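To start, the structure under review is shown below, and the notes come after it.
Start at 1 and go down the list; that is how both ligands and their atoms are numbered. Quantities reported herein were computed from a predicted structural model and do not represent experimental measurements.
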Amino acid sequence: MAELVNWVRKDPIEENVFWPSDDLKERSWVSDESIYEQAKADPEAFWAKHAEELHWFKKWDKAYEFSPHNYKWFGGGKINLSYNSLDRHIKEGRGDRIALIWEPEPINEPALKLTYSELHKRVCKFANALKELGVRKGDSIGIYLPMIPEAVIAMQACARIGAPHSVVFSAFSPESLRDRMIDAKAKVVITADGYYRRGKAIRLKQNADNGTAGTPVEKLIVVKRLQEDTPMTPGRDLWYHDVVADQPETCPAEEMDSEDLSFLLYTSGTTGKPKGIMHTTGGYAVQAHLTAKWNFDLHEGDVYWCTADVGWITGHTYINYGPLMNGVTTLVYEGSPDTPDYGRFWSIIEKHKVTQLYTAPTAIRMFVKQGDDWPNKHDLSSLRLLGTVGEPINVDAWLWYFNVIGGGRCPIIDTWWQTETGANMVNSLPGIGPFVPTVAGRSFPGILGHILDSGGSPVPAGEGGYLAIYSPFPPALTRGIYGDMERFAKQYFAEYGPERYFTSDGARMDEAGNIRITGRVDDVMNVAGHRLATAEVESALAQNDKVSEVAVVSRPHDLKGEVPVAFVLLRAGVEPSEDIRKELMATVNSVIGPTGRPDEIVFAHDVPKTRSGKIMRRVLKALVRNEPVGDLTTLQNPESVEHLKDQVGYGES
Ligand code: WT7
């Protein structure tokens, strides 16, 4: 058994405030609170100091440069993410450490372990294969892969040759893939024949075919994961194992400018059109490396497991680049947490002696519901630290995670950040604390987070407002929206001006600077940790020609945090029915994928509108939450609200 830590409860106001034990303080990279003041006094010097921990082909000229909507980190520096993830460790004698453990979903299949040297070889071979196919620095590459080792290998290979990757979540629909590949101008897409999920073989290639037909994609590279035959289009489709077969085992890493694009990742904004968030190389590398190291207390020999999918920013930064740049073992699990049963996560932790677990509140809530017997059957004593990400966590889930999974000895690091920020932004540090349910913590050293009112003035401690980040911006912060810099300026800097990044999150801060995130203040939902705009679900439903009008709002949900509820007006002559409901669900499935499916579809005769004809989503939102609908005097059709009251459920699930 790992040794127990004496948790000290200090704060008389909050009931559950935990502080690091002496052991934890000693072990962790930072335990002196003065780090915050030091970093705040000179953020540029702080980041520059930690940039030195990485390998640079050429050192930067200037740490930070700012002009409105155009800020730069480590300008003039030359660096490569893959070199820092792999070569640096091999050169410094860490080549025999395990870099990656892959746990397939079928329990009869053995896990795969790759050392840093082996992973390096595989990455180089694939990088050479991409080059042979004509891929050059700056060409964007689509990655539509499940949770298999090739997902990490492909990202690393792209980074190695300077071809920005654009990963699309494998559960996203062909249509989502198509939109993203067209926007990113990808000529090559890497996919797989399929993968195993909940005991079933899921075929992915067909989705890749549908999603790339009629796009500029010229080559589809297909990883063979299933035992079955897969139709291949001659001249376009290539097997991954064929293209890497005869490639040399080394491939020089491209010397990238700090500010060169390392990847695009599409995420939901408030409109129906996802935006391609641009991330650079140098600044991203520095913040990914340091936050992974400090926040998850990464040390030699650690087996670190982040359960996110590679299709999200969490997978990019905290499955791939962050842990690998730190030379620890990163665990990749192919499948579902409930296969073969709800003990799977805990059996994986026991089997591989996982030291850090980083997961989402949605998963924790699901496990709480399944009871303590599942984790209690397993030895979880290897765990030293727990992380959470993606959505606000509730007190019960936090305490369960802390006591039942962490055995009361592991700090919980609740990390607030976004696709746009590229890396963790707000969380307590393991050696400093405090660890408080529902409170993420302070802004990471060197990051200037403030809570403002809508006019841009800081609000007093304890009062609600909006979270904004001040310049000097964190090095990993996005530099733009691909192909739409106007939207970039408008989305993030219209609110408070170019020197203050607007996060779209509500928050409050205590006297000591600890931040509690209260959730999005725009029309972006967080469904089981997946980001989704209500407008995306609306435009998906509107594609069905039986729909004449539609409004989507979010409703809180016990397990998933939030779910979409759709109000649908059918075209004249179409009667509501179970078949139509199913058809509409199928429409959403095919346009977005299962994450977008409404929890409830309300067939409405009318929805509340202003006199100018705008749908009052505020009223619908109140209705589905069983809250007072407020002032209806500006409505053109107040009677619609009464009718809807009888129709909506309140999500008692
Ligand atoms: C939104 C960003 C960050 C990677 C995964 C999500 C919400 C994120 C937390 C947290 C409360 C959180 C915010 C944010 N969020 N982390 N620890 N506590 N809320 O990235 O898909 O870009 O979503 O997720 O609302 O704006 P994303």
Heavy-atom side-chain contact between Leu429 and Asn295 under 4.5 Å: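 Answer yes - side chains close enough.
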
For ligand 1, the residues whose heavy atoms come within less than 4.0 Å (ordered by chain, then number):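 Ile313, Thr314, Val389, Gly390, Glu391, Pro392, Asp414, Thr415, Trp416, Trp417, Gln418, Thr419, Asp505, Ile517, Arg520, Asn526, Arg531.
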
Cationic tip of Arg442 above Tyr36 ring, under 6.0 Å, 45° of axis: yes

Check against ring pair (Phe, Tyr, Trp, His ring centres under 6.0 Å), Trp305 and Phe345: CA-CA 10 Å; Trp305 183 20; Phe345 269 28; 4.7 Å; yes

Centroid-centroid under 6.0 Å between Phe502 and Tyr492 rings: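 No; Tyr492 has its ring centre 6.0 Å or more from that of Phe502.
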
Glu499/Ser471 under side-chain hydrogen bond (donor to acceptor under 3.5 Å, both in side chains): CA gap, chis, key distance, verdict: CA-CA 5 Å; Glu499 289 179 64; Ser471 175; 5.2 Å; no

Parallel, tilted or perpendicular, as decided by the 30° and 60° cut-offs, for the rings of His279 and Tyr284: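 Tyr284 vs His279 ring planes: tilted.
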
